[in-house]
Every structure is written in C-alpha cells, then in structure tokens.
2 protein chains.
Amino acid sequence: MSKKKNKVVTIYDIANELNYSPSTISRALKNHKSIGKDTTKQIQETAKKLGYRPNSLAASLRNNRSNNIGILIARINRPFISSLISGVENSARAAGYNVLISQSDDNYKNEVANAKALYDSRVCGIVASLSMETKNADHFKQFLEQDIPVVFVDRVPSDLNSYRVIIDNYSAGYKATEHLIQQGCTRIAHFAGAQHLNIYKLRKNGYIDALKAHGITPDKELLIYMNTMSFEEGQEATSKLLNMKNPPDAIFSSNDTAAVSAIMQAKKQGVKIPEELAVIGFNDDPIASIVEPALSSISHPAMKMGELSTKRILEHADKKIEQGVSEITVLDTEVIVRASSLRKK
Amino acid sequence: MSKKKNKVVTIYDIANELNYSPSTISRALKNHKSIGKDTTKQIQETAKKLGYRPNSLAASLRNNRSNNIGILIARINRPFISSLISGVENSARAAGYNVLISQSDDNYKNEVANAKALYDSRVCGIVASLSMETKNADHFKQFLEQDIPVVFVDRVPSDLNSYRVIIDNYSAGYKATEHLIQQGCTRIAHFAGAQHLNIYKLRKNGYIDALKAHGITPDKELLIYMNTMSFEEGQEATSKLLNMKNPPDAIFSSNDTAAVSAIMQAKKQGVKIPEELAVIGFNDDPIASIVEPALSSISHPAMKMGELSTKRILEHADKKIEQGVSEITVLDTEVIVRASSLRKK
DNA sequence: AAAATAAAGGCAATCGGTTGCGTAAAATAT
DNA sequence: ATATTTTACGCAACCGATTGCCTTTATTTT
C-alpha cells in the first residue's frame with residue numbers, strides 16, 4: 001500500500017456505471033435542457049454517490065478559459081491592498097471563481113514577470129494596481145489582445161485604455177486640504193508621493209487648487225516630494241518642516257504611514273497636535289485610529305473597490321463588451337475627521 | 001475587425017513552421033536530451049520568434065497536477081496573515097508556482113467550501129490556517145488521499161496528521177508571562193482566545209505554568225476567555241478587570257488588537273501604563289509600535305512561516321515523501337519589549 | 001566489415017470535459 | 001394514418017502539451 005491514491009472519478013466512470021455516453025453525463029451535470037429530467041436526476045445522484053468532482057483543468061483547457069481571476073499588486077501586506085484583495089476574493093468566490101495573487105514588491109521587472117505568469121496560467125481576467133516603479137503598461141497589452149479584461153485599481157496607468165476602478169484623488173486631495181483650511185490652517189504642507197503615479201499627482205493637484213480657491217498661495221517649500229512615503233521619510237520631512245523659521249501649521253500627507261510618523265515626530269519635538277500642527281493622512285489605515293491623537297484621514301473603500309473590480313471582469317465575460325471600451329468607475333472618498341486635525345469644536 | 005483576438009501560438013504552430021513533430025517541439029522546449037543541440041536551439045528561437053507561450057492548463061491536465069499552491073486562511077486583511085501570504089507568494093513564485101487564495105471569514109462552512117474549490121482546481125499543495133469555528137479537519141482528508149501535501153500554519157488542527165509550520169505557543173506564552181513577572185508584576189491577567197484552537201490554549205498553558213514556576217498562584221478571575229479577541233472584547237474585559245477591588249497589575253493578551261484596546265481603555269480610566277498596568281500582546285502587529293505607550297509583544301515570523309510552508313510543499317513533490325508522515329516545523333518567537341511593559345530600566 | 005549501441009525524432013494515445021452535428025424514438029400536427 | 005416537430009441522447013473531434021514506445025540514421029565496438 002505504498003500508493004493508496006484513490007482513483008479519481010470522472011464522467012467516464014459515471015458513463016460506464018449508467019450506460020450513458022460521456023457527453024450525456026457532461027450535459028446532465030450542467031442541467032442541460034436536452035437531457036431528460038429523470039436521466040439528469042439519476043446522473044446527478046450517481047455522481048454524488050461515486051464522489052465525482054469535476055476536473056476544472058479539463059474544462060478550462062477545452063474552453064480556453066480558466067475560472068481564475070488574477071491579482072497583480074505591489075505588496076500584499078498593506079492594509080489597503082489586503083482589503084482590496086479581500087474584496088476581490090469574496091466576490092469572485094461567490095461567483096465560482098478562484099483568485100490568483102502575485103505581488104511585485106514595487107518592482108517593475110517583477111510586475112512584468114508576474115503579468116506573464118498570470119497570462120500563461122490563462123486567467124479569465126486580471127485586477128492590477130501598479131508598482132511604484134511602473135511607468136509603462138505595455139505588459140498588460142497581451143491580455144487585451146486576447147480580450148482578457150484588465151481592471152486597474154488605485155494605481156492606474158495613464159497610457160492604457162482599460163477598465164478602471166478608482167477614487168477621485170483630485171477631489172480627495174481638495175477635500176482634505178479644504179478641511180484643514182476650515183480648521184483655520186493657512187500654512188499647509190503636503191507630503192506628495194512619486195509624481196509619475198497619477199494618484200499622487202492628483203492628490204497634489206487637489207491640494208494646490210484648494211489652497212488657491214481659498215486665497216492661499218502655494219508655497220513650494222511646503223510641498224515635499226517623497227519617494228516611498230515611508231515612516232522614515234515622513235519623520236525626516238516633518239523634522240525639516242518644523243525647523244523652518246516659518247513652519248507649517250498643518251500637513252496633508254498622501255498616506256497614513258507618513259502622516260503617523262509626522263505626528264510622532266512632532267510630539268517628539270514638543271509640537272502640539274492639532275493646535276500647532278494639524279495633520280491629515282490618506283487611506284484610513286488601522287494605525288490611524290490607534291495613534292495619539294487619532295489621525296484624520298481620507299477613507300478609501302478598499303473592499304468595495306475589490307468587489308467592483310471582480311464585477312467588471314464578470315460582466316465583461318457575460319456581455320462580451322467590445323474591446324477598447326474603457327469603463328471607469330469612480331468611487332467616493334470620505335474625510336474622516338479625528339483629533340489630529342480637529343481645532344474647532 | 002470585431003474580434004481581433006490574435007491567434008495563440010501552440011507547439012503545433014512551431015511544428016508546422018519547422019517541419020518537426022509536436023513531440024519534438026515539446027521536448028526541445030524543455031531541453032530534453034533526446035533532441036539534438038542544434039534542433040533544440042532552432043526550436044527555441046522559433047518559439048520566441050513566434051511568441052509562443054506554453055498553455056499550462058494543457059500541461060496540468062496531462063500531468064494531473066497544476067502549478068498552483070492553494071492558501072486557505074480566515075481573513076486576508078490581518079497583518080499576520082497578509083505577511084504569511086506574502087511569504088508563500090514570494091517563495092512560490094520564485095519556484096515557478098502560482099498562488100490561489102481563499103478566505104473563510106472565520107466561518108467553518110466557507111472553509112469547507114473553499115477546500116473543495118481548491119481541491120477541484122487541482123492545486124498541487126495547500127497552506128491552511130483554520131477558521132475560528134473549525135473543530136474538525138476532515139475536509140482536508142481529500143487532499144491527503146490524493147497525496148496532495150497540506151501544510152497547516154499557525155492555527156492547526158489537533159486531529160489530523162500533516163505538515164505543520166508553527167511557533168512554540170506554549171513557550172511564547174511562558175516567556176511573555178515571565179517577562180511581566182521580571183518586571184515586577186504579580187497579578188497578571190490573561191486574555192485567552194477560543195480554547196478549541198490550540199494556539200490559544202497553549203499560550204494560556206504557558207502563562208499558567210510561568211506563574212506557577214515563579215510561585216504565583218493563578219487566579220481564575222484574571223483569566224479572561226474571549227471569543228474573537230476583538231477591540232471591543234478587549235475594552236470590555238479591561239474595564240471589568242480595572243474595576244475589580246483587587247485589579248491586575250499586568251495583562252498578557254493573546255493578540256495585539258485586544259492588547260491595544262486594553263492600553264487605550266486603561267488610559268481612558270486614568271490607569272498609568274506600564275506603572276500601574278503593564279501590557280504585552282502577541283503578533284507584533286504594526287499597531288503595536290504606534291500605540292502609546294508602544295506595546296510590547298511576541299513577534300511571530302509570519303513571512304518566514306509562509307516561505308517554509310511553500311518549501312514543505314515543494315519538497316513533498318520532489319522527494320515523494322511517504323504519506324502519513326508529518327513533519328513539524330517549530331519556529332522561535334521573540335519577546336519584543338516596548339514601553340507598555342517596561343517598568344524596570 | 002558486421003554487429004551493437006547511441007542519438008535524434010516521430011507516432012499516437014492520453015489527460016477529462018465540452019460541444020456541433022446527427023439520429024432514433026416519441027409526441028404532436030394535419 | 002402520415003407528416004412534422006420535439007425530445008433525448010450518442011458520436012467524435014477538440015483543447016494543447018506530454019510521454020512511452022518505435023524507427024531510422026549515425027556512431028562506436030570488436
């Protein structure tokens with residue numbers, strides 16, 4: 001009994017058992033109308049009795065289309081991303097699809113390789129959020145050429161026409177800045193992310209326009225361009241800002257990590273939050289509610305974005321939407337006001 | 001040009017182009033020794049020229065084995081889990097495997113359904129961490145019967161023999177408790193998770209034995225059994241503990257969420273941390289470094305556990321390890337001391 | 001130079017469903 | 001009672017790569 005691998009039951013086994021042809025079995029199992037009611041019932045019962053499990057590989061091969069949705073993101077272990085994945089997974093599974101994940105670690109080459117791998121495994125659609133390094137989205141064309149839907153989420157390319165599920169980053173940046181203005185802040189700094197990623201560019205644009213709309217002239221010294229928006233970068237920038245002779249009275253950070261580091265750095269330097277420095281972040285990560293004072297932030301409907309992405313893919317398969325059409329879904333964000341920016345009560 | 005789906009290149013196309021048989025193409029592409037050097041080179045070049053991409057579905061069907069590793073966990077968007085997944089994904093991809101994820105939302109029925117789905121998609125191995133509700137692991141037997149390796153991680157079943165990648169929960173609980181004792185605490189409370197999950201049971205046992213070893217008699221009133229160890233449960237329990245006539249001077253929580261809520265609740269009630277209440281958590285989630293005072297915790301090598309899980313699966317495929325053999329990998333944990341438990345300096 | 005061995009490829013079955021087309025029997029229409 | 005339609009099911013090709021076995025040609029052995 002070295003190999004007690006139980007024999008796997010196939011439709012051929014059912015066919016033999018009942019003296020029907022495999023095609024009848026196949027059809028009966030999918031409730032095809034051309035098979036008699038009684039026959040269908042009998043076949044389905046026998047299938048269950050024998051412990052039949054469909055081999056989806058075979059079906060996928062024949063249909064040239066798997067039931068797998070691919071996810072291509074930068075890093076799994078980030079609150080926003082893991083919630084996004086969670087949303088994709090839930091809705092995909094509910095529809096009978098599996099989810100393949102791949103992470104690029106914010107590396108362009110990895111992203112290209114992962115796109116290849118997902119393509120080769122014949123995913124029926126892909127949900128993608130670009131790496132920090134990605135400036136060219138040609139590696140997604142292979143999917144479009146085969147009419148495999150690509151849904152870009154959050155970090156989307158500017159040069160490729162495809163589905164998008166995004167938030168209105170401009171408006172979010174505008175709202176965040178306006179909130180600070182309404183709290184009485186006038187010298188508002190901004191932590192901006194890499195500008196080739198439009199999410200960061202748009203947030204910055206919203207910031208600038210909000211300032212202007214309220215009669216504040218943007219000060220270049222208060223606009224900090226960052227690389228990865230890490231905790232360290234945030235600390236350093238905050239320290240620099242606070243040591244200016246005319247320091248800012250608020251910071252709008254494009255992510256929560258840097259915003260939290262700003263809070264911690266400010267406290268370390270004895271700067272009171274929000275009285276002397278109001279802070280608002282972006283994403284509404286769990287740490288936002290934990291840091292003290294609690295960090296105001298822009299909430300990002302991550303889970304929902306995942307669900308909508310799945311929906312786009314499934315719709316594409318159903319409707320046979322024409323190629324080249326790009327349907328863009330823009331979701332609302334919300335300003336979550338917490339203590340870190342609440343000057344007026 | 002309604003459908004400009006470019007024709008996909010197969011080995012047959014290459015065969016026609018070069019007047020070789022498909023079998024020769026197949027072998028040449030895998031550098032089979034029975035194909036001549038020159039021929040192999042020519043075929044590989046032509047394959048590249050034509051843009052050939054292997055159809056892994058076909059290969060998987062033929063080999064009755066996909067290159068997909070399945071992950072079955074409770075919730076993706078938890079720091080520990082997303083890091084675990086990250087570890088699995090990285091190492092799997094490096095070895096040319098894809099990763100399928102599924103989450104049960106801590107629901108037993110979902111877990112069973114997901115196990116089925118992963119089985120049906122012919123994963124070549126599975127990494128699983130049980131849901132809170134799971135008390136029976138029979139739904140994993142289908143894999144073992146087909147000699148598909150199952151690696152249980154973290155939340156492992158007690159009644160099924162398979163690979164395991166775990167930490168020494170008993171020792172971690174012991175160390176955490178001992179650390180509090182060394183800091184001068186004597187009335188140490190414990191937030192224990194659902195006891196049918198051995199991780200929580202073992203942590204609790206470590207806690208109790210550490211107390212005894214140091215001459216402290218465990219007090220039942222200080223041992224709080226929780227359900228999900230949520231923020232709310234932690235708050236409530238903390239409030240109850242602090243209102244006792246003889247309140248604890250320390251809390252060892254089986255997770256960080258509840259530990260953080262304990263800190264916040266204690267602060268709200270004016271209890272000083274760590275002077276009046278020392279706190280240590282478990283997992284070393286990101287929030288542990290953010291909360292104030294920073295939370296001491298037990299670090300859990302999540303990423304590494306993921307990598308080792310992948311390794312087990314790949315080894316299984318290579319070595320054709322006998323069935324029924326369970327190889328258990330136990331990893332070390334580390335006590336991360338931060339301000340929340342640092343009474344002696 | 002004859003025999004044995006090695007090298008290089010081809011044939012055809014196989015993995016397990018799926019599906020267009022065809023057909024026999026039953027039901028309905030005329 | 002005959003013609004027509006419907007119902008119920010089978011045949012066989014197909015999806016694309018893999019592989020055991022066989023054949024042919026080249027190389028080595030004796």
Side-chain angles (χ1 to χ4, degrees), chain A residues 5-44 46-47 50-68 96 119-124 146 148, chain B residues 5-44 46-47 50-68 96 119-124 146 148:
Chain A
K5 274 201 186 192
N6 303 12
K7 181 80 179 70
V8 170
V9 179
T10 72
I11 57 168
Y12 294 92
D13 298 320
I14 304 177
N16 286 331
E17 176 91 3
L18 296 178
N19 274 332
Y20 280 117
S21 77
S23 48
T24 299
I25 307 296
S26 174
R27 291 188 172 104
L29 291 174
K30 327 190 81 182
N31 289 308
H32 194 287
K33 59 192 171 185
S34 81
I35 305 298
K37 273 246 171 192
D38 298 340
T39 311
T40 297
K41 194 180 166 198
Q42 184 193 16
I43 289 176
Q44 291 184 351
T46 305
L50 297 181
Y52 168 75
R53 306 285 288 276
N55 185 330
S56 53
L57 289 175
S60 297
L61 174 59
R62 172 61 215 242
N63 299 330
N64 194 30
R65 174 178 174 287
S66 76
N67 265 238
N68 296 336
Y119 176 92
D120 287 342
S121 75
R122 264 44 180 190
V123 291
C124 64
Q146 300 302 325
I148 298 170
Chain B
K5 272 202 187 193
N6 302 13
K7 181 76 179 73
V8 170
V9 179
T10 72
I11 56 169
Y12 296 91
D13 299 319
I14 304 177
N16 286 332
E17 175 92 2
L18 297 177
N19 275 332
Y20 280 117
S21 78
S23 48
T24 299
I25 307 297
S26 174
R27 292 190 171 104
L29 290 173
K30 326 192 81 183
N31 289 310
H32 194 286
K33 59 191 172 184
S34 82
I35 306 299
K37 273 245 171 192
D38 299 339
T39 311
T40 297
K41 195 181 167 197
Q42 184 194 16
I43 289 176
Q44 291 184 351
T46 306
L50 298 181
Y52 168 75
R53 307 283 290 273
N55 186 328
S56 54
L57 289 175
S60 296
L61 173 60
R62 171 61 215 242
N63 299 329
N64 193 30
R65 174 176 176 288
S66 76
N67 265 237
N68 296 336
Y119 177 92
D120 287 343
S121 73
R122 263 47 179 187
V123 291
C124 64
Q146 299 302 324
I148 297 169

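A, B, ... follow the sequence lines: proteins, then strands. Residue 1 opens every chain.
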By ring pair (Phe, Tyr, Trp, His ring centres under 6.0 Å) - contacts of A/Tyr119 (at least two apart):
A/Phe143
Residue pairs passing the salt bridge (charged side-chain N to carboxylate O under 4.0 Å, His left out) test where at least one lies in residues 8-27 of chain B, sequence neighbours excluded:
B/Glu17-B/Lys49
Under the side chain to side chain donor-acceptor pair (under 3.5 Å) test, which residues partner B/Gln42, sequence neighbours left out?
none
Would you grab the first and last nucleotide of DNA chain C (5' to 3') that comes under 4.0 Å of any non-hydrogen atom in chain A?
C/dG16 to C/dC21
Apply the test side chain to side chain contact (heavy atoms under 4.5 Å, CB included) to residues B/Arg122 and B/Asn64: give CA-CA distance (whole Å), side-chain angles for both, the deciding distance (0.1 Å), then the verdict.
CA-CA 8 Å; B/Arg122 263 47 179 187; B/Asn64 193 30; 4.2 Å; yes
Does B/Arg122 reach a base, just sugar-phosphate, or nothing at all? Heavy atoms under 4.0 Å.
nothing
Only counting residues at least two apart or in another chain, list the ones meeting side chain to side chain contact (heavy atoms under 4.5 Å, CB included) with A/Ser60.
A/Ser66, B/Leu57
Scan residues 26-41 of chain B against DNA chain D and write down, sorted by residue number, each residue with any heavy atom closer than 4.0 Å; if none is found, say none.
B/Ser26, B/Arg27, B/Lys30
Rounded distance (Å) that lies between atom P of D/dC15 and atom CG of A/Leu57:
18 Å
Using a 4.0 Å cut-off on heavy atoms, which residues in residues 10-18 of chain B reach DNA chain C? List them by number, or say none.
none
When B/Asn19 and B/Asn63 are each assigned the nearest nucleotide of DNA chain C, the 5'-most assignment goes to B/Asn19
By side chain to side chain contact (heavy atoms under 4.5 Å, CB included), A/Ala58 pairs with (sequence neighbours left out) A/Asn55, B/Leu61
Could I get the full list of side chain to side chain contact (heavy atoms under 4.5 Å, CB included) partners for B/Asn31, not counting sequence neighbours?
B/Thr40, B/Gln44
Could you list the donor-acceptor pairs under 3.5 angstrom formed between side-chain atoms of residues 19-26 of chain B and any protein atom two or more places apart in sequence or on another chain?
| unit_1 | atom_1 | unit_2 | atom_2 | d |
| --- | --- | --- | --- | --- |
| B/Ser21 | OG | B/Ser23 | N | 3.4 |
| B/Ser21 | OG | B/Ser23 | OG | 2.8 |
| B/Ser21 | OG | B/Thr24 | N | 3.3 |
| B/Ser21 | OG | B/Thr24 | OG1 | 3.2 |

Give the minimum heavy-atom separation between B/Leu29 and B/Ala47, together with the two atoms involved.
CD2-CB, 3.8 Å
Quick one: bend of the helix from C/dA1-D/dT30 to C/dT30-D/dA1 from 5 pairs per end, to 10°?
40°
A/Ile25 atom CD1 is separated from D/dG10 atom C1', nearest whole Å, by 12 Å
Nearest-Å distance, CD1 (A/Ile43) to C1' (D/dA8)?
11 Å
How long is the span from the CG atom in A/Leu50 to the OH atom in A/Tyr52, to the nearest 0.5 Å?
11.5 Å
Closest-nucleotide 5' rank along DNA chain D - winner of A/Thr24 and A/Ala58
A/Thr24
Heavy-atom pair with the smallest gap, counting every atom of A/Ala28 and A/Ile43:
CB-CD1, 3.5 Å
What salt bridge (charged side-chain N to carboxylate O under 4.0 Å, His left out) pairs are there with at least one residue in residues 51-65 of chain B, not counting sequence neighbours?
A/Asp120-B/Arg53
Starting at CG of A/Asp120 and ending at C1' of D/dA17, how long is that distance when rounded to a whole Å?
13 Å
Among D/dC9, D/dC11, D/dT19, which nucleotide sits nearest the side chain of A/Tyr20?
D/dC9
